[in-house]
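In each ligand, atom 1 is the first atom listed, and ligand 1 is the first ligand listed.
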Amino acid sequence: MSSLEARLKSTLRDVPDFPKPGILFKDITPVLASAALMGEITDRFAAEWRGKNVDAVVGMESRGFLFGMPLAMALGIPFVPARKPGKLPYHKVSESYALEYGHATLELHTDALAPGQSALVIDDLIATGGTALATARLVEKLGARVVGFGFVIELGFLQGRHVLAGYAVDSIVRY
Ligand code: AMP
């Protein structure tokens, strides 16, 4: 285990039965409270993706914003927010996807990425992979391509990586 992974594991807070019974929620707020850890996460992602022709970082509302924006700044490229429905003011594309109960939707502005551009998708955590796959579909609706995915936390037992088969997937902490 890398030292960053070990320190993240000792800093993340497990909250049982949130937001509903049976879910062990990985609370990232203690990580956000550490400027040093946030800097190391950004450096770790930047080292992984620098030089791989990434044109923009796409982050999903809302915890993807917290890790995607500093990474985009470190790489010197645009950040693109994938937002929940009704939040983006301009022309947009939408993608709905199934959750354990019900469904969710994410949206991108139509001018967020140009056809042929390459996007890196960043979120705090991959569980089933549904959110990440929906974001890839949004990127692809704009004619852009997904270079890969970066997650701070991977819940490997939920097999989300298999849902993203064919894409490059990088995570820092695995359970
Ligand atoms: P999924 O679409 O199943 O991969 O779920 C990923 C999204 O749900 C991410 O944006 C996470 O922030 C959130 N999420 C799912 N499970 C957890 C968990 N156990 N702890 C914290 N966040 C979670």
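We find that R161 and E154 are joined by a salt bridge, their nearest charged nitrogen and carboxylate oxygen being less than 4.0 Å apart. Between R63 and D123 no salt bridge is recorded (no basic side-chain N to carboxylate O distance below 4.0 Å). Ion pairing between a basic and an acidic side chain is recognised when a charged N comes within 4.0 Å of a carboxylate O; D43 and R50 show no such pairing. Ion pairing of E40 with R44 is absent here, as no side-chain N (NZ or NE/NH1/NH2) approaches a carboxylate O to less than 4.0 Å.
Within the 4.0 Å cut-off (strictly below), a protein heavy atom is located near atom 4 (O) of ligand 1.
With S10 contributing its side chain and R7 its backbone, the two residues share a donor-acceptor pair below 3.5 Å.
Closest to atom 17 (C) of ligand 1 among all protein heavy atoms lies L125 CD2, 3.6 Å. Among all protein heavy atoms, the one lying closest to atom 11 (C) of ligand 1 is D124 OD1, 3.5 Å. Of the protein's non-hydrogen atoms, K26 N, 2.9 Å is the one closest to atom 20 (N) of ligand 1. Ranking protein heavy atoms by distance to atom 10 (O) of ligand 1, first place goes to D123 OD2, 2.8 Å. Closest protein heavy atom to atom 19 (N) of ligand 1: L24 O, 3.0 Å. Protein heavy atom nearest atom 7 (C) of ligand 1, with residue, atom name and distance: T131 OG1, 3.9 Å.
Residue-ligand proximity: R63 is placed with a non-hydrogen atom under 4.0 Å from ligand 1. In this structure, I28 falls outside the shell of residues with a heavy atom less than 4.0 angstrom from ligand 1. Using a 4.0 Å cutoff on heavy atoms, A132 does not count as a contact of ligand 1.
Tested against I77 for a side chain to side chain contact (heavy atoms under 4.5 Å, CB included), the candidates L71, D55, V54 yield a single pass: V54.
Taking the side chain as every heavy atom from C-beta outward, I153 and I126 never approach each other to under 4.5 Å.
Proximity to G130 (heavy-atom distance under 4.0 Å) selects the following atoms of ligand 1: 2 (O), 4 (O). Within ligand 1, counting atoms from 1 as listed, the ones closer than 4.0 Å to a heavy atom of T128 are 1 (P), 2 (O), 3 (O), 4 (O).
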Full working for salt bridge (charged side-chain N to carboxylate O under 4.0 Å, His left out) between R83 and E61: CA-CA 5 Å; R83 297 216 61 184; E61 184 169 357; 3.0 Å; yes
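The side chain of L155, and not its backbone, has at least one atom closer than 4.0 Å to an atom of ligand 1 (non-hydrogen atoms only; side chain from C-beta on).
Annotation: the span from R174 atom CZ to I172 atom CD1 amounts to 9.0 Å, rounded to 0.5 Å.
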